[in-house]
Amino acid sequence: MEELFGLSHLFMTVFLYNFASYMVVPAITDVTMSAICPGKHECSLAIYLTGAQQAIIGLGSMIVMPLIGYLSDTYGRKMMLTLPITLSIFPTVILAFSRTTYFFYAYYVLRTFFAMAGEASVLFLALAYVADNVPESKRAAVFGIMSGIASSSFVFGNFSTRFISTSATFQVAAAVGIISLVYMRVLLPESTMNNNICTKDTEAEFLLEKPPPKKWQMFKTLPSVNDILSLLSTSPTFAKAAVIAFFNNAADVGLTASLNYYLKAQFHFNKNQFADIMIISGIAGTISQLILVPILTPLVGERKMLSIGLFFNFAHMILYSISWAPWVPYVATVISVLSIFANPCMRSIASKQIGPERAGICSIANTVSPLAFSPLTALFLSDNAPFYFPGFGIACAGLSAMVAFIQSLMIRAVPPVTTRIMENSDTSEP
């Protein structure tokens, strides 16, 4: 009972942190445009800055996340949760005070560097906390609860933004962020880190590896380029799974970096319409992950579900790119209820076949994608476009999802990676 009480505080901490983080997402496009290109509905510089920020955060996270994982093993999950939650508050406080040009650039610089440590580490540390305190047989259910909490905070955060002003949005987000920090420090117990409960065969161990007793190496938790190239050349299944993971993640990141600027330029959307789109997306994600995926996956199979999800990921991006009326993006967002099949199925397949290398591949995609798709979006929304197709950048992101879909049709079932390693070691013995 005491462990469940501790997890309830973890769930509330994650909810409050995500609520504060998601609140600012619908409003930040308007703030960026007003600060850099006031009075305009299209601004190439704003798109370039957003793409560069996402690329820098992706690259920095590849370096910082293993360090945070190591330090959390040494100093405890609660101690390290304090760092990203605290850092996330400062950029929001700046925009809560003022959203003029100079304050925006101060926010931009702080968020770029602070998000390297905070944007993804809260979820990773929360998963590690669960792995420390929950028996392996019960972790899948708890991870599902964690996903549901993240989805609900996404919906409620965007719903709140829909009905308050831009200035109030950042003020409330800053206040909730401070509340999440105080709540966590006062009420969340430190993780037990019980080795009898937390074993190496868990998802959290792929994300936050236990440090060796000897000197720790910065990049030990990340697969090297040689490791990835060796697996690509020796395992056709790994090669296909790697291509799927890379191109699907690149498509999702490219869409995220470009969509709001495209909708603002085409249909003059503001934070209220952005919030509507995100609320629909959040509800669709909740329905998909909590209802459709658990019911359909045992009947259809995870590989077919993966292909279905990738196809509709491509379809809804193409529909975004050719939107001819303001209601079309809403229809495209509803279709995303089927595209969400891809990520949980890809994680399941990856855990059986390609192990932690998927994290390194997706991190590379997070860095490369904004650098590729943001300039395309900026070019085709400007007056210098080689031909008229405002959604060309998003269409290219959709084509990236189509590459992943084609590869998914060719992937075949193979034994899990741990089984293959054991078989290879047995055959290699004299």
Side-chain angles (χ1 to χ4, degrees), residues 19-57 88-115 119 154 157-177 254-279 281 320 323 326 329-330 370 373-385 390-391 393-394:
F19 183 93
S21 299
Y22 291 137
M23 272 196 73
V24 305
V25 176
I28 195 61
T29 301
D30 287 344
V31 171
T32 303
M33 295 286 292
S34 298
I36 299 176
C37 303
K40 296 183 179 180
H41 294 289
E42 183 277 322
C43 181
S44 297
L45 178 58
I47 300 174
Y48 285 128
L49 287 176
T50 301
Q53 183 181 62
Q54 290 191 345
I56 293 171
I57 292 173
S88 68
I89 295 172
F90 291 103
T92 309
V93 169
I94 291 175
L95 292 186
F97 182 78
S98 177
R99 288 155 301 284
T100 59
T101 301
Y102 292 112
F103 281 91
F104 168 78
Y105 279 116
Y107 159 85
Y108 180 87
V109 172
L110 284 182
R111 186 185 180 277
T112 300
F113 288 101
F114 288 172
E119 192 158 85
F154 182 87
N158 287 287
F159 185 80
S160 300
T161 302
R162 179 65 175 80
F163 297 103
I164 60 179
S165 66
T166 299
S167 59
T169 295
F170 290 97
Q171 292 165 4
V172 172
V176 175
L255 178 68
T256 301
S258 304
L259 180 61
N260 285 0
Y261 291 106
Y262 164 73
L263 295 177
K264 189 170 187 66
Q266 283 295 97
F267 307 114
H268 300 174
F269 276 21
N270 58 30
K271 78 170 182 65
N272 293 336
Q273 286 76 47
F274 296 146
D276 291 339
I277 292 287
M278 293 176 185
I279 291 170
S281 177
Y320 274 134
S323 296
Y330 293 94
F373 295 121
S374 293
L376 282 175
T377 301
L379 174 62
F380 280 86
L381 288 177
S382 70
D383 296 331
N384 300 321
I394 295 176

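Annotation for Ala46 and Met33: closest pair CB-SD, 4.0 Å, computed over non-hydrogen atoms. Between Gly393 and Leu376, the shortest heavy-atom distance links the atoms CA-CB, 4.0 Å. Between Phe373 and Gly254 the shortest heavy-atom distance is CD1-CA, 3.6 Å. Contact record, Gln171 with Ala96: NE2-O, 3.6 Å, taken as the closest heavy-atom pair. Nearest heavy atom pair, residue Pro390 against residue Leu381, reads O-CD2, 3.6 Å. Taking both residues in full, the closest heavy atoms of Thr166 and Ala27 are given as CG2-CB, 4.4 Å, listed atom of the first, atom of the second, then distance.
Within 6.0 Å of the CZ atom in Phe90, the count of heavy atoms belonging to other residues, nucleotides or ligands does not exceed 12. In Phe113, the CZ atom is not crowded: 12 or fewer heavy atoms of neighbouring residues, nucleotides or ligands sit closer than 6.0 Å.
Taking the six-membered ring for Trp and thresholds of 30 and 60 degrees, Phe103 and Phe97 have ring planes inclined between 30 and 60 degrees apart.
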Taking it one step at a time, do Tyr22 and Met278 satisfy side chain to side chain contact (heavy atoms under 4.5 Å, CB included)? CA-CA 10 Å; Tyr22 291 137; Met278 293 176 185; over 6 Å; no
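No side-chain heavy atom of Thr32 sits less than 4.5 Å from a side-chain heavy atom of Leu49. Side chains of Val172 and Ser160 form no contact here, defined as non-hydrogen atoms less than 4.5 Å apart. Side-chain atoms of Leu95 and Val24, non-hydrogen and from C-beta on, never get closer than 4.5 Å to each other. Side-chain contact between Phe269 and Asn260: absent, with no pair of heavy atoms (C-beta onward) separated by less than 4.5 Å. Taking the side chain as every heavy atom from C-beta outward, Phe267 and Gln273 never approach each other to under 4.5 Å.
Note that CG of Leu379 is 12.5 Å distant from OG of Ser374, once rounded to the nearest 0.5 Å. Between Ser21 atom OG and Phe154 atom CZ the span is 12.0 Å, to the nearest 0.5 Å. The line from OH of Tyr330 to CG of Asp276 is 4.5 Å long, rounded to the nearest 0.5 Å. We find the CG-OG1 distance between Asn270 and Thr29 to be 10.5 Å, quoted to the nearest 0.5 Å. The structure places CD1 of Ile89 at 13.0 Å from CG of Leu110, a figure rounded to the nearest 0.5 Å. Put simply, CG on Asn272 and CG on Asn158 are 11.5 Å apart, with the number rounded to the nearest 0.5 Å.
Residues forming a side-chain contact (heavy atoms from CB on, under 4.5 Å) with Ala20 (at least two apart in sequence, or on another chain): Val176. Remark: Phe114 pairs with no residue by the ring pair (Phe, Tyr, Trp, His ring centres under 6.0 Å) rule, at least two apart or across chains. Residues passing the side-chain contact (heavy atoms from CB on, under 4.5 Å) test with Thr161 are Met23, Pro26, Thr169, Lys271, sequence neighbours excluded.
Each side-chain hydrogen bond (donor to acceptor under 3.5 Å, both in side chains) pair with one or both residues in residues 100-109, not counting sequence neighbours, appears once here: Ser98-Thr100. Pairs engaging residues 22-33 under the salt bridge (charged side-chain N to carboxylate O under 4.0 Å, His left out) rule: Asp30-Lys264 [sequence neighbours left out]. Within the structure, side-chain hydrogen bond (donor to acceptor under 3.5 Å, both in side chains) pairs that include any residue of residues 36-48 comprise Glu42-Ser44 (at least two apart or interchain).
For Tyr262 and Tyr320, the gap between ring centers reaches or exceeds 6.0 Å.
No side-chain N or O of Tyr261 forms a donor-acceptor pair with one of Thr377 less than 3.5 Å apart.
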